[in-house]
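Notes to accompany the following structure.
Naming convention: chains lettered A, B, ... in sequence-line order (proteins, then strands); numbering from 1 in each chain.
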Amino acid sequence: MSAPPVPTPTPTRERGARASARSPRRRAEISRYVQYAVLALAALAVGLTADWATLREQFFNGEILPELFPRIFTTALRNTVTYTACAFLFGLALGLVLALMRLSSVGPYRWIATTFIEFFRGVPALIVFIGFYYGLPIAFPGRVLPGGTLGVVTVALGLVGAAYMAETIRAGIQAVPKGQTEAARSLGMSHTRAMVSIVIPQAFRIILPPLTNELILLTKDSSLVYVIGLSLADSELTDFGRRNLSQYVNLTPLFAVALSYLIITVPLSVVVRRMEARADRAR
Amino acid sequence: MSEIHVDTDAPAIEVRDLHKSFGRNEVLEGVDVQVESGQVVCVIGPSGSGKSTLLRCVNRLEEPTSGRIFVEGVEVTDPDVDLDELRSRIGMVFQQFNLFPHLTVLDNLCIAQTKVRKRSKDEAAEVARANLERVGLADREGAYPAHLSGGQQQRIAIARALSMTPDLMLFDEPTSALDPELVGDVLDVMRDLAAEGMTMMVVTHEMGFAREVGDSLVFMDGGVIVEQGDPAEVLGNPQEERTQAFLSKVL
């Protein structure tokens, strides 16, 4: 420890003696005990005040739970995964195009990309969904997006994801050292070839963790599709949870749905943490 | 590719009245250099003298502000020149190696051969392996750059440039980023290359190399060439005050 910048008044003998009795290590120990004690008290308070029987009845009802299977996996979880995957792939492709537009030397490309990104990052995804479902038929009478619900989710959620991913990809491309482009160009590669073979592959290695985080966010945002009204076959986790919530007048379906989301998102965050740890080691 | 007419009688590199400014900062204030085919020209000078900028203008990694540059009779500074084709014939080695970290050593050497030179994969690998042999790293073709020492990386970078079968080579302080004990291996490779008759323009701080291998030495300071001539002559008996001052500090 370095000397304090401001001279402190010499402590009285009594205080000085007490301070030396409590070494920093001892103080840290006491602080830890206090923290455990607070935790234990809180747990005790919850345990004593909660009505466990009702909670169990409402959240983990043994009669309702089996009713949810297998549809919660075969329909709801599957649809959530499908919607998310399609939206992510569409968003990734569009995001790459937008990132390259942002970096373009052609002014209008930069302006269009910036406007797009600012719009879809600034507007709630829910509004985008509603806009697509109700607005599109008005804007383009007689035309519908191919693919039904999947088409709407892919495009609406994909547009929102693309706006976020474009900024991530642009940052990744800019994080690739300039010397890489120079080496590629000095070997006779065109600008495009250098981008495709040298810069973009390295950029994606850099941004793999944030892109996976984006996938987690999209997984949760796919729940917003419920606003367009889904058929039973198109029902995804949140819609499935809401339907069964009103059918059974019980929170168990919602609880099961929440856990189902974790089946997707927890492994993904573990993957992100591993990738970040590996990147740290490589540095 | 056939549009460029190479004049083999012309000097390998000819720089005429080259000026280069970064904003208001004039880095090159009228430079004339000529490198004959098969010659090794070393460029020395204090940092900020413009020597690296001069080298980077030759393949137009830096855009000259004014002046003309010719490589084998083809004008590099012509706005309509096929720059990619031209650059593929000019090997360049960087201070920071700039190997492609996401590719193996062999792929580093092959990628421009197949994508730019349009060689087949087999042919490219054959050329690459011959050049790895040449720099003494034939056993490292499967390694990634991060697993190699700086000296090895720079030798791979030289092999990568050579794999394009260039007509001439530019070296931008190739040993400046290396630990002292690794400099020798890289200089050995460059010495061999010079002995084989490769045309080379080398920006360097290695006075020993310049004296021993160079056919000509250029001393730059403040964006101009102060003195040039036979390396032993310039290093041993510098005529200009600025050359004397610089050499007294580095020798």
Side-chain angles (χ1 to χ4, degrees), chain A residues 92-93 95-96 99-100 103-107 110 165 168-212 271-272 274-283, chain B residues 1 4 52 55-56 58-63 82-103 107-119 124 144-147 153-154 156-166 168-172 177:
Chain A
L92 191 63
L96 180 58
L100 294 174
L103 296 168
S104 167
S105 52
V106 182
R110 288 198 305 273
M165 286 191 266
T168 308
I169 296 168
R170 180 183 60 83
I173 289 173
Q174 287 178 327
V176 175
K178 204 163 155 272
Q180 291 292 311
T181 313
E182 288 184 350
R185 299 303 305 271
S186 77
L187 287 164
M189 290 189 200
S190 65
H191 176 75
T192 309
R193 169 54 62 195
M195 268 291 178
V196 170
S197 293
I198 305 301
V199 177
I200 292 177
Q202 291 185 56
F204 269 92
R205 285 210 312 191
I206 297 170
I207 61 173
L208 216 51
L211 277 188
T212 313
V271 168
V272 173
R274 289 238 175 103
M275 285 190 297
E276 282 171 346
R278 208 176 53 186
D280 275 346
R281 274 201 304 277
R283 210 169 285 140
Chain B
M1 286 215 176
I4 288 185
S52 281
L55 195 79
R56 289 162 59 85
V58 172
N59 67 355
R60 261 176 68 189
L61 278 185
E62 298 295 353
E63 206 59 53
D82 183 348
L83 206 51
D84 294 336
E85 204 281 336
L86 195 70
R87 281 170 173 160
S88 74
R89 294 190 290 113
I90 307 174
M92 181 146 190
V93 175
F94 298 87
Q95 183 177 349
Q96 299 297 341
F97 330 132
N98 293 347
L99 291 180
F100 305 133
H102 61 303
L103 301 177
D107 287 342
N108 262 279
L109 270 61
C110 287
I111 189 160
Q113 290 191 68
T114 53
K115 305 289 187 196
V116 178
R117 274 266 185 280
K118 306 294 177 198
R119 288 175 182 156
Y144 282 90
H147 298 133
Q153 288 194 45
Q154 193 60 298
I156 299 291
I158 294 172
R160 177 176 69 180
L162 290 175
S163 294
M164 295 297 282
T165 347
L168 57 141
M169 293 276 286
L170 308 174
F171 292 85
D172 188 5

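Counting heavy-atom pairs closer than 4.5 Å to chain A, the top residue among Asn59(B), Leu61(B), Asp84(B), Leu170(B) is Asp84(B). Listed options Pro101(B), Ala112(B), Ala146(B), Ala161(B) were ranked by heavy-atom pairs under 4.5 angstrom with chain A; first place goes to Pro101(B).
Neither the backbone nor the side chain of Arg60(B) comes within contact range of chain A; no heavy atom of the residue lies under 4.5 Å from a heavy atom of that chain.
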Atom pairs and distances, side-chain donor-acceptor, residues 195-211 of chain A, under 3.5 Å, sequence neighbours left out:
| unit_1 | atom_1 | unit_2 | atom_2 | d |
| --- | --- | --- | --- | --- |
| Ser197(A) | OG | Arg193(A) | NH1 | 2.9 |
| Gln202(A) | NE2 | Gln180(A) | OE1 | 2.8 |
| Gln202(A) | NE2 | Ile198(A) | O | 3.2 |

Cut-off 3.5 Å, no hydrogens considered: what does the side-chain donor-acceptor table look like for residues 91-100 of chain B, sequence neighbours left out?
| unit_1 | atom_1 | unit_2 | atom_2 | d |
| --- | --- | --- | --- | --- |
| Asn98(B) | ND2 | Gly179(A) | O | 3.1 |

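Between the CZ atom in Arg87(B) and the OG atom in Ser190(A) there is a gap of 10.5 Å [rounded to 0.5 Å]. For the atom pair CG (Leu187(A)) and CE (Met164(B)), the distance works out to 5.5 Å, reported to the nearest 0.5 Å.
Inter-residue side-chain proximity for Ile111(B) and Met189(A) is flagged as met; some heavy-atom pair is nearer than 4.5 Å.
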